[in-house]
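Below is one structure, written out as structure tokens, with a few remarks after it.
Just so you know, these numbers come straight off a predicted model, no measurement behind them.
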Amino acid sequence: MAATAAWLAPPSRTELIENLVSGVDRYNPSNVGILEDYLYHQIRSEEYDCLANLAILKLYQFNPDLFNPDVVINILLKALTAEPFPDFNLCISLLDDRPPNSTLDEPDPLPTLLPLVMNLYNLLHQCRFSAFWVLYRSDELEVIRENYTVECAGFEDAIREVAARSVKVTFTRISSERLGTYVDLSGPELEAWVAKQRWSFDSSTGVVSIPPNPDNQIESVVIQEHINLPQLSKVISHTVQVR
């Protein structure tokens with residue numbers, strides 16, 4: 001419930017943005033600049049407001065002349081950090097098929113970059129974290145690293161938190177080597193990250209232990225069914241009649 005409340009109304013959202021997101025003004029194209037400025041505030045401050053970012057994409061949908069591909073890429077990259085929640089798909093659903101924007105001073109980067117971001121999303125969604133980092137560090141993704149995520153404060157740490165959410169609901173013990181490939185860390189950096197998660201690391205065995213939680217514990221469940229004799233008699237009687 002707390003996570004849902006924070007998603008609907010993040011603490012960082014000001015009264016002005018709340019009015020733009022929740023009121024009729026969300027459809028006023030003159031407000032798109034305010035919402036875009038708020039997006040860049042999120043990027044600089046490690047904050048996140050999915051509903052405000054969706055409002056930008058909705059305005060782009062209704063007003064194609066306002067469309068800014070760089071803003072779209074930044075919105076999608078912020079949505080990646082919310083996995084496994086459906087933020088990314090919600091954003092994608094508001095991107096209509098459209099011809100390349102010929103009004104831009106520079107070539108429209110979206111047709112080239114969108115498939116790359118989609119590939120990142122698919123790897124995250126499939127919990128293929130090692131493959132995610134290989135792709136993210138590749139030469140192919142250099143344009144995204146140097147032009148977008150470098151400006152997005154805490155982006156890589158936020159992706160590591162995505163991996164942490166999956167690890168703690170799946171494992172009770174995991175090798176530090178394997179975990180390191182999930183979060184793209186090793187040595188003292190990995191140990192510090194594990195300590196920050198409040199997990200324990202055994203340096204002699206190289207094993208990281210995750211505290212018990214409702215998701216990573218296997219518990220046997222005994223199901224007892226009570227059938228009254230009159231009910232059983234009806235079943236037997238019906239079977240005999242059918243035969």
Side-chain angles (χ1 to χ4, degrees), residues 1-8 10-12 39 42-54 57 72-93 113-138 140-141 144-145 148-187 189-201 208-216:
M1 293 298 291
T4 301
W7 189 86
L8 291 172
S12 61
L39 166 67
Q42 296 172 51
I43 290 171
R44 293 188 299 268
S45 60
E46 297 187 46
E47 296 172 357
Y48 179 58
D49 191 334
C50 182
L51 290 183
N53 298 341
L54 289 173
L57 297 180
V72 172
I73 294 297
N74 278 307
I75 288 175
L76 293 177
L77 290 173
K78 289 294 287 185
L80 283 180
T81 65
E83 270 293 302
F85 302 105
D87 300 36
F88 188 88
N89 282 331
L90 290 172
C91 294
I92 288 293
S93 69
L113 299 185
L114 184 57
L116 300 179
V117 178
M118 288 291 297
N119 288 339
L120 289 176
Y121 164 73
N122 288 330
L123 293 173
L124 274 187
H125 189 64
Q126 297 165 15
C127 295
R128 297 173 58 191
F129 304 116
S130 303
F132 171 91
W133 290 110
V134 170
L135 176 61
Y136 178 71
R137 301 291 185 200
S138 69
E140 187 180 17
L141 271 289
I144 288 180
R145 294 195 307 274
Y148 296 95
T149 59
V150 69
E151 303 290 340
C152 187
F155 175 80
E156 294 180 8
D157 285 337
I159 296 297
R160 293 184 179 104
E161 289 303 313
V162 173
R165 286 194 285 268
S166 293
V167 167
K168 70 183 179 182
V169 301
T170 307
F171 296 93
T172 56
R173 291 160 56 86
I174 183 173
S175 72
S176 59
E177 182 179 358
R178 183 177 184 182
L179 179 61
T181 66
Y182 287 178
V183 297
D184 195 39
L185 293 173
S186 61
E189 289 184 338
L190 177 60
E191 293 181 29
W193 185 84
V194 167
K196 183 179 178 181
Q197 299 295 320
R198 297 185 178 180
W199 301 346
S200 58
F201 172 63
V208 175
S209 298
I210 293 91
N213 62 71
D215 294 306
N216 69 356

Which atoms form the tightest heavy-atom contact between Ile75 and Cys91, and what is the distance? CG2-SG, 3.7 Å
Are the side chains of Gln42 and Asn53 in contact, using a 4.5 Å heavy-atom criterion? yes
Might you point out which heavy atoms bring Leu185 and Glu189 nearest each other, and give the distance in Å? CD2-OE1, 3.7 Å
Rounded to the nearest 0.5 Å, how far apart are OG1 of Thr81 and CG of Leu76? 11.5 Å
Which atoms form the tightest heavy-atom contact between Glu47 and Ser12, and what is the distance? OE1-CB, 3.0 Å
Are side-chain heavy atoms of Tyr121 and Leu80 found at a separation under 4.5 Å? yes
Between CD1 of Ile144 and OG of Ser138, what distance do you get to the nearest 0.5 Å? 9.0 Å
Closer than 3.5 angstrom, by distance alone: can the side chain of Lys168 be matched with the main-chain N or O of Pro211 as a donor-acceptor pair? no
Does any part of the side chain of Leu179, heavy atoms only, come nearer than 4.5 Å to the side chain of Phe171, both counted from C-beta? no
Take Leu113 and Leu116, measure what side-chain contact (heavy atoms from CB on, under 4.5 Å) needs, and give me the verdict at the end. CA-CA 5 Å; Leu113 299 185; Leu116 300 179; 4.1 Å; yes
Within 6.0 Å of CZ in Arg145, more than 12 heavy atoms from elsewhere: yes
Roughly how far, to the nearest 0.5 Å, is OG1 of Thr149 from CD1 of Ile73? 11.5 Å
Please tell me if the side chains of Ile92 and Met118 come closer than 4.5 Å, counting only heavy atoms from C-beta onward. yes
What heavy-atom pair brings Ala79 and Tyr48 nearest, and what distance separates the two atoms? CA-OH, 3.6 Å
Spacing of Trp133 atom CH2 and Leu124 atom CG [to the nearest 0.5 Å]: 8.5 Å
Any Thr172 side-chain heavy atom under 4.5 Å of Ser209 side chain: no
If you compare all heavy atoms of Ser176 against all heavy atoms of Leu190, which two are closest, and at what distance to 0.1 Å? O-CD2, 3.3 Å
According to the interplanar angle, ranging from 0 to 90°, do the rings of Phe132 and Tyr136 count as parallel (below 30°), tilted (30 to 60°) or perpendicular (above 60°)? parallel
Ion pair Glu156/Arg137, N-O distance below 4.0 Å: yes
Phe85, CZ atom: more than 12 neighbouring heavy atoms under 6.0 Å: no
Would you please test Phe201 and Trp193 for side-chain contact (heavy atoms from CB on, under 4.5 Å) and show each step? CA-CA 11 Å; Phe201 172 63; Trp193 185 84; over 6 Å; no
Find the distance between SG (Cys50) and NZ (Lys78) and round it off to the nearest 0.5 Å. 11.5 Å
Do Cys152 and Leu77 pass the side-chain contact (heavy atoms from CB on, under 4.5 Å) test, and can you show the C-alpha distance, the side-chain angles, and the key distance before you say yes or no? CA-CA 9 Å; Cys152 187; Leu77 290 173; 5.7 Å; no
Quick one: are Glu161 and Glu83 in side-chain contact, heavy atoms under 4.5 Å? no
Decide yes or no on side-chain contact (heavy atoms from CB on, under 4.5 Å) for Leu51 and Trp7, but give the supporting numbers first. CA-CA 8 Å; Leu51 290 183; Trp7 189 86; 3.5 Å; yes
Restricting to non-hydrogen atoms, name the atom on Ile210 and the atom on Asn213 that form the minimum distance, rounded to 0.1 Å. CG2-ND2, 4.4 Å
Spacing of CG belonging to Asn119 relative to CG belonging to Leu141, to within rounding of 0.5 Å: 8.0 Å
